[in-house]
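The structure appears right after this line, and notes come after that.
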Amino acid sequence: MTEEKSLNFLEEIIEKDLKDGKHESIVTRFPPEPNGYLHLGHAKSICLNFGLSLKYGGYTNLRFDDTNPVTEETEYVENIKSDVQWLGFQWKNELYASDYFTQLYEFAETLIKKGLAYVDDSTPEEIAAQKGSPITPGSDSPCRGRNTEENLRLFREMREGKYKDGEKVLRAKIDMGHTNMHMRDPILYRIKHAHHHRTGDAWCIYPMYDFAHGQSDAIEKVTHSICTLEFVPHRELYNWFIEKLEIYPSRQYEFARLNLTYTVMSKRKLLQLVNEGHVSGWDDPRMPTISAMRRRGYTPESIRDFCDKIGVAKRDNLIDISLLEFCVREHLNKISLRRMVVFDPLKVVITNYEPGKTEWLPSENNPEGDQTTRQVPFSQVLYIERDDFMEVPPKKFFRLAPGQLVRLKSAYIIRCDEVVRNADGSISEIRCTYFPESKSGADTSGLQVKGTLHWVAASTAVPVEVRLYDRLFKVEDLSVMEGDFRDYLNPDSLKVISNAFAEPALKDAGGSDHYQFLRMGYYCLDPESTPQKLVFNRTVTLRDMWAKETKKS
RNA sequence: UGCCCGAUGGUGUAACUGGCAACACGCUUGAUUUUGAUUCAAGAAAGUCCAGGUUCGAGCCCUGGUCGGGCAACCA
C-alpha cells in the first residue's frame, strides 16, 4: 500500500529510460568541488542524486571535482564526506576528477589529432575579446590554424612545464560564431604550476570544468548527470565531447537550485561571511551549511523531509524558511526530551510551603512518545520566567498576576498574593500560596486554571548558557535588494543568555540528545559545552500563538 | 538586441498526459490540552501571465506577445 505520489520530471525521465530498456539500472553522482562546506542547496542535490539511485536500483558515486588546485583543500574533502554520511547517504565509490587526469590528457590529445583542438598563445584578454558577446559573434584566434603536429608538440611541452602560467592554453576548435557562448572555442586546459591536494606536483596543466566533468561522468558510466540550471548552456558542449570522443553517452539534466528566505546560499557569500568574521565559522549555527545545522540541532531526518517536501522543478524558487522550521519541529516534537529551564528568572516564594523541604515530582520526558518520566525537585523558593508575571495583565493573559491562579507544570497550583519590590521599585520577588491538594496527578482541589508555567527550584537550579539564534538576514529576499548583501545582516541573529537556570536533570545532558525546554523551544548541547559550563543552542522556537496575539494589539 | 530556460493561491509542488485545479507550509476560526506546544476540526485564499487558434472540451496542444532568470572567469 504505497502512497501514490506524482513523479517529478527527473523520475519521469528515469522511468521512461528504464521502461524503454535504455538502462537496466541507473548511476548518478554527487560532484562537489572541495573548496567550501556543503549547504542546504547541496542537501537538495544529495537527496536527489542518492534518492533517485536508491529508488530505482543503482548507485551514486561521490566525486570530487578537483580540477583547480589553487582553491581546493583536503580539509574540505573530509568535511564534505562526513556531511553526506551524516545526512544518511552512502556512496558506492569515492572518486576524484584528478583520478582521471591521465585519461583526460589522452582525450585532449585525441581531439588534437582529430583537428578539433589547438594550442593558443593568446593572452586572457585576447581570448576574452575573441569570444565576442552574446549578441555579437566572436573572432578566430591567430593560432587557430596551427597544424596537428605543432599542436601536439606544444601541448606536450605545456605538460612538461616548458611554459609559464597563462602563456598557453588548449582550446577546442568549434565555432567562434556560435550562438552559444560556450561553444566558441572553449578552453580545455590551462597551465597552473600549483600543488594539487592529491596529485601533488605531477601536473602543471589542469583541465577546465567542461573538459573534466562530462568525461568523468562517461568514465564512470553515469547514466543521469543531474546538475543545476546554470549548466544548461554547457549541455551542448557536454554532448559535443561525448560525440567527438566517442565515449559513454551520459546525459545531463538540470533542476532549479534551492533558495531560502532570510539567507544566502552561495559558497562565495558564505565564505565571505566566514572570512570577514560576521559569523564564527562555517559551522556557526546561523549558517545554512550542513555542519552548522547539525551543530544547531537539526536532524538529518528533518532535512531529508524538507528536501522531499520542496520538490524538484525547473523554475526559480524561493522557499519560505517556515517550511524548514516546520520540518524540524515535527521531528523534534517526537524525539526530544522535555526539560524546564528559566531564562530570565523571577523569584517566587511559596509562603505556605515548608522551608527546607524538597519534593521530587515525576514529569514526563516526552508526552508524544514513551511514557518515561524524570524527577523534578520542588521546594519553597522557585524561579519562573519574568515574562510569565504581570502586575496589570491584559485581557487574555493566562499567566501569573496578583490574585490569579496558575499551575506549575507537574507540580501544584499557586496563587499570587503579594509583590515585593526593591528600593528602585523593580520587582524582587513575588509571594504565593500553593494548594497542597492540587498536586499534579492527584488533583482533588477542583480548581481550574488557564495557564501552566515552567519553573525551576532555586536551591537545585543549574546555571547554563543558552544561545538563541534568529535569521541571519533582516530581509526575506536578498536577491531583490540593492547594494551589498552584508548590509542586510540581522544584528540580533545571536542572543546569548549566559545565566539561565535549568532543572538538575539537564546536568546529564548528552551530546546527541535533543531537548525541548518547555515553552521555550528546542535545544541541543553545543560542542563548546563543558560539564562545568553547559551551553545549549536553540534549534528552533516553538510555535507561539500568544506572541502573535500580543503583536496584534 | 542574439541564444537558452521558465511562468498554476502569499510560498513550494501537483493535476491520472485534453475532462472545469489538489497537497503541504503559512494564514484565520473553533475544540481538546498540566507546554498559549502537540493533536483535531472548519475556513479564507489561484480560475492557471496576456491575446489569438485547434477542440464538444485547454493549466496541459499550436502561434504571437509579455514578464522573470541564465549565458561573454585560464571558476565550478
Side-chain angles (χ1 to χ4, degrees), chain A residues 4-8 12 31-33 35 65-68 70-72 120 122-124 127-138 165-171 178-182 184 187-192 205-206 208-210 212-213 227 229-236 254 256 261 267-268 309-327 329-330 333-334 338 340 363-364 367-368 396-399 406-411 413 438 440-441 443 449-454 476 479 516-521 541-549:
Chain A
E4 194 57 51
K5 212 192 157 204
S6 54
L7 305 176
N8 65 46
E12 271 177 16
E33 185 190 9
N35 68 345
D65 240 325
D66 57 350
T67 56
N68 185 357
V70 306
T71 56
E72 294 152 4
D120 195 345
S122 305
T123 65
I127 289 177
Q130 290 158 15
K131 288 254 175 176
S133 85
I135 52 171
T136 53
D165 286 13
E167 216 174 315
K168 284 181 168 34
V169 291
L170 181 72
R171 286 229 255 172
H178 202 108
T179 53
N180 182 345
M181 296 292 290
H182 295 277
R184 321 240 265 224
I187 294 173
L188 270 27
Y189 266 91
R190 72 299 209 181
I191 300 169
K192 278 180 193 284
I205 58 171
Y206 293 92
M208 297 288 289
Y209 165 83
D210 284 306
H213 200 105
C227 60
L229 247 29
E230 63 271 27
F231 292 97
V232 170
H234 294 250
R235 191 175 60 225
E236 195 170 6
E254 312 86 6
T261 55
K267 257 196 271 184
R268 199 199 101 242
K309 282 189 160 74
I310 59 176
V312 202
K314 300 186 74 162
R315 66 184 93 109
D316 293 335
N317 60 79
L318 179 63
I319 311 281
D320 197 324
I321 196 159
S322 65
L323 179 60
L324 214 211
E325 295 176 340
F326 168 82
C327 292
R329 287 191 187 110
E330 190 177 49
N333 176 50
K334 290 190 202 123
R338 311 294 130 123
M340 295 198 282
S363 190
E364 66 269 22
E368 316 288 325
K396 284 189 286 189
F397 189 76
F398 300 153
R399 285 115 95 142
V406 89
R407 166 162 306 271
L408 296 178
K409 174 71 182 175
S410 298
I413 290 173
S438 68
S440 186
D443 188 350
V449 294
K450 277 182 287 189
T452 299
L453 307 184
H454 63 282
E476 206 171 76
S479 72
Q516 184 198 105
F517 293 172
L518 246 58
R519 308 205 301 141
M520 302 303 272
T541 60
L542 255 25
R543 275 184 75 214
D544 191 349
M545 294 310 233
W546 175 243
K548 256 176 225 161
E549 186 71 28

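What you see below is based on every heavy atom in this structure, not just the backbone, and it leaves out hydrogens, waters and symmetry mates.
For the P atoms, the distance linking C16(B) with A7(B) amounts to 15 Å, nearest Å. Taking atom C1' on both G57(B) and C49(B), the two are 22 Å apart, rounded to the nearest angstrom. The separation of A41(B) from U32(B), taken at their C1' atoms, amounts to 11 Å, rounded to a whole angstrom. Nucleotides A51(B) and C67(B) are separated by 15 Å at their C1' atoms, to the nearest Å. Comparing U13(B) with G19(B), their C1' atoms sit 22 Å apart, to the nearest whole Å. G12(B) sits 24 Å from C20(B) when the C1' atoms are compared, rounded to a whole Å. Taking atom P on both A46(B) and G9(B), the two are 10 Å apart, rounded to the nearest angstrom. Separation of the C1' atoms belonging to A15(B) and A24(B) is 15 Å when rounded to the nearest angstrom.
Using a 4.5 Å cut-off on side-chain heavy atoms (C-beta onward), Arg338(A) and Ser363(A) make no contact.
For the pair Arg190(A) and C75(B), the criterion of a side-chain N or O lying under 4.0 Å from OP1 or OP2 is met.
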Where protein sits on nucleotides 28-50 of chain B, one letter per nucleotide: B base, S sugar-phosphate only, - none, heavy atoms under 4.0 Å: -S----BBBBS------------
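Taking the side chain of Phe326(A) as heavy atoms from C-beta on, and the options G26(B), C74(B), U17(B), the nearest nucleotide is G26(B). If you check U17(B), C74(B), G12(B) against the side chain of Glu12(A), the one that comes closest is U17(B). With distances taken from any side-chain atom of Lys131(A) to the nucleotides G12(B), A72(B), C75(B), the minimum falls on A72(B).
Between Leu318(A) atom CG and G68(B) atom C1' there is a gap of 14 Å when expressed in whole angstrom units. In this structure, Asp210(A) places its CG atom 11 Å from P of A72(B), rounding to the nearest Å. One atom, CE of Met208(A), and another, C1' of C74(B), lie 6 Å apart when rounded to the nearest Å. Taking atom CD1 of residue Ile310(A) and atom C1' of nucleotide U11(B), one finds them 12 Å apart after rounding to whole Å. Nucleotide C75(B) holds its C1' atom 12 Å from the NE2 atom of His182(A), rounded to whole Å. The CG-C1' distance, from Leu188(A) to A73(B), rounds to 16 Å in whole Å. Here the C1' atom of nucleotide G12(B) and the CD atom of Glu476(A) are 13 Å apart, to the nearest Å. Distance Tyr209(A) OH to C75(B) C1': 11 Å, rounded to the nearest Å.
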Audit row: Arg171(A), Gln130(A), side chain to side chain contact (heavy atoms under 4.5 Å, CB included) steps and yes/no: CA-CA 12 Å; Arg171(A) 286 229 255 172; Gln130(A) 290 158 15; 2.3 Å; yes
Derivation and outcome, side chain to side chain contact (heavy atoms under 4.5 Å, CB included), residues Leu324(A) and Ile319(A): CA-CA 9 Å; Leu324(A) 214 211; Ile319(A) 311 281; over 6 Å; no
Check against side chain to side chain contact (heavy atoms under 4.5 Å, CB included), Arg519(A) and Leu453(A): CA-CA 8 Å; Arg519(A) 308 205 301 141; Leu453(A) 307 184; 3.5 Å; yes
Pair Lys409(A)-Glu364(A), side chain to side chain contact (heavy atoms under 4.5 Å, CB included): steps then yes or no: CA-CA 10 Å; Lys409(A) 174 71 182 175; Glu364(A) 66 269 22; 3.1 Å; yes
Paired and unpaired positions of RNA chain B as dot-bracket, Watson-Crick or G-U wobble under 3.5 Å, | denoting a partner strand: .((((((..((((.....[..)))).(((((.......))))).....(((((..]....))))))))))).....
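Of all heavy-atom pairs spanning Ile191(A) and Ile205(A), the tightest one is CG1-CG2, 4.0 Å. Closest approach of Asp316(A) to Leu229(A), counting heavy atoms only: OD1-CD2, 4.3 Å. When every heavy atom of Asn333(A) is checked against every heavy atom of Gln516(A), the shortest pair comes out as OD1-NE2, 4.4 Å. Contact record, Asp65(A) with Glu33(A): O-CG, 3.4 Å, taken as the closest heavy-atom pair.
Classified by interplanar angle (parallel below 30°, tilted 30° to 60°, perpendicular above 60°), the ring pair Tyr209(A)/His234(A) is perpendicular.
Scanning for side chain to side chain donor-acceptor pair (under 3.5 Å) contacts around Asp443(A) gives Arg407(A), Ser445(A), with sequence neighbours left out. Annotation: side chain to side chain donor-acceptor pair (under 3.5 Å) contacts of Asn180(A) (sequence neighbours excluded): Glu236(A). Partners of Lys309(A) according to the side chain to side chain donor-acceptor pair (under 3.5 Å) rule, which considers only residues two or more places apart in sequence or in another chain, are Asp305(A).
Judged by distance alone, the side chain of Thr71(A) and the main-chain N or O of Asn35(A) form no donor-acceptor pair under 3.5 Å.
Tyr206(A) comes within 4.0 angstrom of no nucleic acid atom, judged by non-hydrogen atoms across all strands. Nucleic acid contact class of Thr67(A) (heavy atoms, under 4.0 Å, all strands): sugar-phosphate only. Contact annotation for Ser479(A): no contact, since no heavy-atom pair falls under 4.0 Å across all strands.
Glycosidic torsion of G47(B) falls within 90° of 0, placing the base in syn. Base orientation of U17(B): syn, the glycosidic angle falling within 90° of 0.
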Atom pairs, protein N/O to nucleotides 1-9 of chain B N/O, distance under 3.5 Å:
unit_1: G2(B); atom_1: N3; unit_2: Pro134(A); atom_2: O; d: 2.9

